[in-house]
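Please read these numbers as outputs of a predicted model, since none were measured by experiment. All values below were derived from every heavy atom in this structure, side-chain atoms included, with hydrogens, water molecules and symmetry-related copies excluded.
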Amino acid sequence: MLLSSRGSRIGGRVALGVVSTVVLGATGYLWTQLSTLDAGLVTADVIPPAAQIDTEDTPPGEPLQVAQNILLVGIDARTDAYGNPLPQNVLDALHAGGGDDGGDTTDTMIVVHIPAGGAAATAISIPRDSYVDIAGGYGKHKINSAYSRGKNASMSGLRAQGLSGAQLEVAANEAGAKTAIQTVEKFTGLTINHYAAINLAGFDALSQAVGGVEVCLKAPVQDKYSGANFAAGPQTLSGAQALAFVRQRHGLLNGDLDRIARQQAFLSGMAKKVLSAGTFTDPSKLSSLVGAVQGSVVLDKGWDILSFAQQLRGMSSGAIAFATIPVQSLSLATPSDGDAVKVDPAQVQQFVRTAINTAAVQASGDDTAGGVKPVAATGTKTPGTSPDTKPATSTAAGCVN
């Protein structure tokens, strides 16, 4: 993302998806203000009817009746949710290079599983370079290329229909999202029921809207690719600094796995910051958050995010458990994609089944400020891996590399 380097991507931008699907459901106060979200949300027809969940008969405010899986992605694009190019001054502020530097790859992919009842969630991260079968007959490639392959393949047909400019971009993005969703489903064994994607500038706006997020580093870091330049210890980051924190992977012992650990720590910190700051009971803070969401996120068509959030009112930041799929190698030589992350789909699917069925979160504690009922302290689920498998690197608390 910085200059021509594809190794530095903005992973934390998926935080918007987590806030939208998890934290947003923390309190019922000011729902009339939240309804203004609808005016700025972009939707895409990417979830097939067989995977859609019928909630018409569910009374408002009732808990989720069935488990749901949400794919959250961060798109390495230089356009906004409406298909318009991001201004160069915005790209400059984000240290994102020029308008042609993006590859339209989903360099952050997280599947959030929410069980029936909606009181807890498991967020499972997938390394961007995982070498998998890409849906649509594209063969084996890095999983982050599924989106761009589906998008690029659709372009000629869409142009033949007379589409151009922003309309072409939006329609092609929809095709890319479908390929990414189908690839993740095949890889994890899960059916994706909802989809949320965030653009390049969205995470910057969101992190500023919540007033920054506290993070902690084990040691000082300096990385010219991401722009990361931080001291050791706790610190509060927002905007471009927050982006640099969550996208750095150069100079880290485990590369993308350490970056994923940072993403998870940041998401956990953001959820806690939003809840403790009383965002949903402060009209000014709420307005800033809504403004950050609008124009930054794309949701699947038909997903009533406000009703969904109301169904999660029993959830708190402590009810989010983070996990990362097991990998076998970080340096798998491939025929055309360079070094990739070696993964075993069967092992990954077993890991996912164990993670979403592990009762690691139980109700406990008193109500917190803002009427949020805590469920439990955030935990990191790391189901067993075989001796020759690199363990899932995942942390949502404490200091990270």
Side-chain angles (χ1 to χ4, degrees), residues 1 5-15 18 71-74 76 105-112 122-132 141-145 184 187-188 215-219 221 223 225-226 228 230 242-269 320-334 337-345 347-352 354-355 378-401:
M1 216 169 52
S5 172
R6 291 180 180 272
S8 298
R9 310 297 188 192
I10 297 180
R13 50 191 182 241
V14 298
V18 172
L71 176 60
L72 310 176
V73 302
D76 178 30
T105 50
T106 52
D107 285 335
T108 301
M109 306 184 84
I110 298 178
V111 178
V112 178
T122 302
I124 303 174
S125 295
I126 302 173
R128 61 187 288 273
D129 290 342
S130 299
Y131 200 60
V132 305
H141 295 283
K142 295 178 181 179
I143 197 168
N144 71 334
S145 72
V184 169
F187 180 53
T188 64
V215 300
C216 181
L217 285 172
K218 293 179 180 178
V221 297
D223 171 46
Y225 295 102
S226 65
F230 304 116
L243 293 175
F245 174 81
V246 297
R247 74 181 182 178
Q248 182 188 359
R249 73 185 183 105
H250 292 282
L252 300 180
L253 180 62
N254 293 309
D256 271 338
L257 295 185
D258 280 342
R259 186 173 67 163
I260 285 174
R262 288 188 178 194
Q263 294 168 9
Q264 294 174 346
F266 196 94
L267 294 179
S268 177
I320 310 170
F322 292 89
T324 302
I325 63 167
V327 305
Q328 296 183 324
S329 171
L330 297 176
S331 56
L332 172 68
T334 67
D337 295 339
D339 282 352
V341 173
K342 183 181 180 180
V343 291
D344 178 356
Q347 183 183 52
V348 167
Q349 291 179 19
Q350 179 59 53
F351 176 91
V352 169
T354 302
T378 300
T380 301
K381 298 178 180 179
T382 53
T385 58
S386 62
D388 61 345
T389 300
K390 192 173 186 62
T393 301
S394 179
T395 180
C399 296
V400 296
N401 289 331

Open item on the list: Below 30° counts as parallel, above 60° as perpendicular, anything between as tilted: where do the rings of Phe266 and Phe245 land?
Closed with: tilted
- [ ] Work out which heavy atom in Val400 is nearest to a heavy atom in Ala261; give both atom names and the distance.
- [x] CG1-O, 4.2 Å
TODO: Could you grab the distance from atom OG1 of Thr122 to atom CZ of Phe322, nearest 0.5 Å is fine?
DONE: 10.0 Å
Task: Any donor-acceptor N/O pair, Gln248 side chain to His250 backbone, under 3.5 Å - done: yes
Task: Ser125: partners by side chain to side chain donor-acceptor pair (under 3.5 Å), with sequence neighbours left out - done: Gln264
- [ ] To the nearest 0.5 angstrom, please state how far the CZ atom of Arg262 sits from the CG atom of Asp256.
- [x] 12.0 Å
TODO: Please answer whether the main-chain N or O of Thr106 pairs with a side-chain N or O of Arg128 as donor and acceptor at a distance below 3.5 Å.
DONE: no
TODO: Could you tell me which residues satisfy side chain to side chain donor-acceptor pair (under 3.5 Å) with Thr188, sequence neighbours excluded, listed by chain and number?
DONE: none
Task: Listed partners of Asp337 passing side chain to side chain donor-acceptor pair (under 3.5 Å), at least two apart - done: His141
TODO: Provide the closest heavy-atom pair for Val343 versus Gln328 in the form atom of the first, atom of the second, distance.
DONE: C-OE1, 4.3 Å
Task: Approximate separation, where rounding is to 0.5 Å, of Ile260 CD1 and Thr108 OG1 - done: 8.0 Å
Task: Donor-acceptor contact present, side-chain Lys142 to main-chain Asp339, <3.5 Å - done: yes
- [ ] Quick one: closest heavy-atom pair of Ile325 and Phe351, and the distance?
- [x] CA-CE2, 3.9 Å
